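To start, the structure under review is shown below, and the notes come after it.
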Amino acid sequence: MPELPEVEVTRRRLAPVLVGRRIRRARVSGAAPLFLTPAPLLARRLRGRVARAVRRHGKYLLFELDDESRLVIHLGMTGQLFSSAARSPRLLSATARSALSPEEQASFRPDVHTHLRLSFEDGGPEVFLRDVRRFGRALHLAPGESHPRLERLGPDALRVTAGVLREVTRGRRAPIKSILLDQARIAGVGNIYADEALYRAGIRPTRRAGRLSAIDCDRLAGALRFVLRRSLETGGSSISDFVAPDGRDGRFQDERRVYARAGEPCLACGVPIRRMVVAQRSTHYCPRCQPR
DNA sequence: CACTTCCCCTGCAAGC
DNA sequence: TGCTTGCAGGGGAAGT
């Protein structure tokens, strides 16, 4: 489940194997809604292009191309961008993997879930976009063109401040967790890091956002920056699907305190972590360390 | 406008 | 063993 750290790890590790290489051919399979730009048009627009840079805003990746156009990719829940130079069986589901011989497992071969395949003029490693559940999105923007999805995004969560939090929570009656998940207010926070940051800030996910004090906002901003940065340092969270473009797993799942730990003791106080549903999402908290 | 609910999709684990 | 059921959740659309 790629959130900001996983998307940023993807950006950092994909850029070196993509930037500066001329695309010989783009093979696009599958239809809307994954490809907001029709597949044949997308393939045509990518052919012959060179990516100059890869940027990120929230959970969106923006590939800046040499004709001033942009390729935008959102990985959704199960999206994976990776290079054929990465040889990791983890790029496939357990079922798909078990159907392969050991030799086949050693190298990736495009499967039914591989929706975009880029080959290059230099004949080097290809780049793939794979998305089992197709919650991801890809679109091409002509020079100067934007898209409502991008324009709606709030400030990037990596640089969230107490001031930003005070602003986006003021007067809000919704649970603080709903606010954190709203990409129009803060871009990049998903379910894992919302729970982890709220735990570290000692704030219950159900607290009405408008009831946060200035001190709460300060703590929460610090906690958000901490968990996002720490996850980045450890290569992201590889809890179910995430694998970096180079095939490596992240390690932040080993440092999580509450997410998917329902029933297990709080590492600070020993009380069992509880699970509930907030904003239609599975939510985890310590009833003692997050009193309200 | 603020906020909630529904739904898209597939793999996987648990239960019978 | 093999079936069904529930769950995972990003985020837009529709509903309250």
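Predicted model only: the values in this text are computed from it and were never measured. We name chains A, B, ... by the order of the sequence lines, and we start the count at 1 in each one.
Protein atom CD1 of A:I192 is 11 Å distant from nucleotide atom C1' of C:dA8, rounded to whole Å. In this structure, the CG atom of A:L75 is 22 Å from the P atom of B:dC8, given to the nearest Å. Rounded to whole Å, atom P of C:dC7 lies 15 Å from atom CE of A:M77. Per the geometry, CZ belonging to A:R137 stands 10 Å off P belonging to B:dC9, to the nearest Å. Atom CE of A:M276 and atom P of C:dA8 are 14 Å apart (whole Å). Between A:R185 atom CZ and B:dC1 atom P the separation is 12 Å, expressed in whole Å. Rounded to an integer number of Å, the gap from CD of A:Q80 to P of B:dC9 is 19 Å. Between the NE2 atom of A:H284 and the P atom of C:dA8 there is a distance of 7 Å, given to the nearest Å.
Environment of CD in A:E167: sparse, with no more than 12 heavy atoms of neighbouring residues, nucleotides or ligands closer than 6.0 Å.
Taking for each of A:V112 and A:A174 the nucleotide of DNA chain B with the nearest heavy atom, the 5'-most of the two is the partner of A:A174. Nearest-nucleotide mapping onto DNA chain B: of A:I179 and A:R281, the residue sitting toward the 5' end is A:I179. When the nearest nucleotides of DNA chain C are assigned to A:Q183 and A:R275 by heavy-atom distance, the more 5′-ward of the two goes with A:R275.
Closest to the A:S178 side chain, of the nucleotides B:dC9, B:dA2, B:dT4, is B:dT4. You'll find that the side chain of A:R173 is closest to B:dC3, out of B:dC3, C:dG12, C:dA8. Side chain of A:R152, nearest nucleotide from C:dG12, C:dG10, B:dT10: C:dG12. Nearest nucleotide to the side chain of A:H113, out of B:dC3, B:dC6, B:dT10: B:dT10. Candidate nucleotides B:dT10, C:dG12, C:dA8 were compared by shortest atom distance to the side chain of A:R134, and B:dT10 ranks first. Distance from the side chain of A:R133 is smallest to B:dT10 among B:dT10, C:dG12, C:dG10.
Here the rule is side chain to side chain contact (heavy atoms under 4.5 Å, CB included) with A:R52, and of A:D67, A:L65, A:D66 only A:D66 fits it.
Within the 4.5 Å cutoff, the side chain of A:R49 has no heavy atoms near those of the A:F63 side chain.
Here A:T78 lies out of heavy-atom contact (under 4.0 Å) with every strand.
Put simply, CD1 on A:I192 and OG on A:S282 are 10.5 Å apart, with the number rounded to the nearest 0.5 Å.
Listed here is the closest heavy atom pair of A:E196 and A:V258: OE2-N, 3.0 Å.
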